[in-house]
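Numbers here simply count residues along the sequence, with the first being 1. Quick note: numbers below take in every heavy atom, side chains included, and nothing from hydrogens, waters or symmetry partners.
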Amino acid sequence: MVSQEWTLSPDSNRIGARLVGRPLTQARLEELPSEGMVLGALQVPPSGLPTVFLADHPVTGGYPVIAVVRRTDLDLLGQARPGQRIHFLG
């Protein structure tokens, strides 16, 4: 996740910043229980393409949440434009 570059998808909105890149693989394929998420949660759906949840985010929907973007960095992500490259620091 942190070793690769991601591109902000044009499908991003107030719900989430959708990222495009080399899909992540899941070690476990079974569905997880739905639960609430914090602002900035980074969720990986079956497609392997992560979404960082923003202002109007839902519950997890049974997909793994692998990280949380720091609140101080969410403004930068919210201002990013489709096609802009995104890097995560570990």
How many angstroms lie between OH in Tyr63 and CG in Leu32, if you round to the nearest 0.5 Å? 10.5 Å
Separation of Met37 CE from His57 NE2 (nearest 0.5 Å): 6.5 Å
So, taking the atom named OG1 in Thr7 and the one named CG in Leu19, what distance separates them when rounded to the nearest 0.5 Å? 8.5 Å
All N/O donor-acceptor pairs, side-chain side in residues 75-90, below 3.5 Å, sequence neighbours left out:
from  : atom 1 : to    : atom 2 : distance (Å)
Gln84 : OE1    : Arg81 : N      : 3.1
Arg85 : NE     : Glu5  : OE2    : 3.1
His87 : NE2    : Glu5  : OE1    : 3.2

Leu49 to Gly21 - nearest heavy-atom pair and separation: CD2-O, 3.4 Å
If you measure from CG on Leu54 to CD1 on Ile15, what distance do you get to the nearest 0.5 Å? 9.5 Å
Within one Ile-Leu-Val-Met-Phe-Trp-Tyr cluster: Phe53 and Val65, side-chain cutoff 4.5 Å: yes
Sub-4.5 Å side-chain heavy-atom contact between Leu74 and Val52: yes
Backbone of Arg22 reached by a side-chain donor or acceptor of Gln4 within 3.5 Å: yes
Please name the pair of heavy atoms, one in Pro50 and one in Leu42, separated by the smallest distance, quoted to 0.1 Å. CB-CD2, 3.6 Å
hydrophobic_cluster_shared for Val38 and Ile66, side chain cutoff 4.5 Å: no
What's the shortest heavy-atom distance between Thr51 and Gly16, and which atoms? CG2-CA, 3.9 Å
Can you see which heavy atom on Ala17 is nearest to which on Leu8, and at what distance? CB-CD1, 3.7 Å
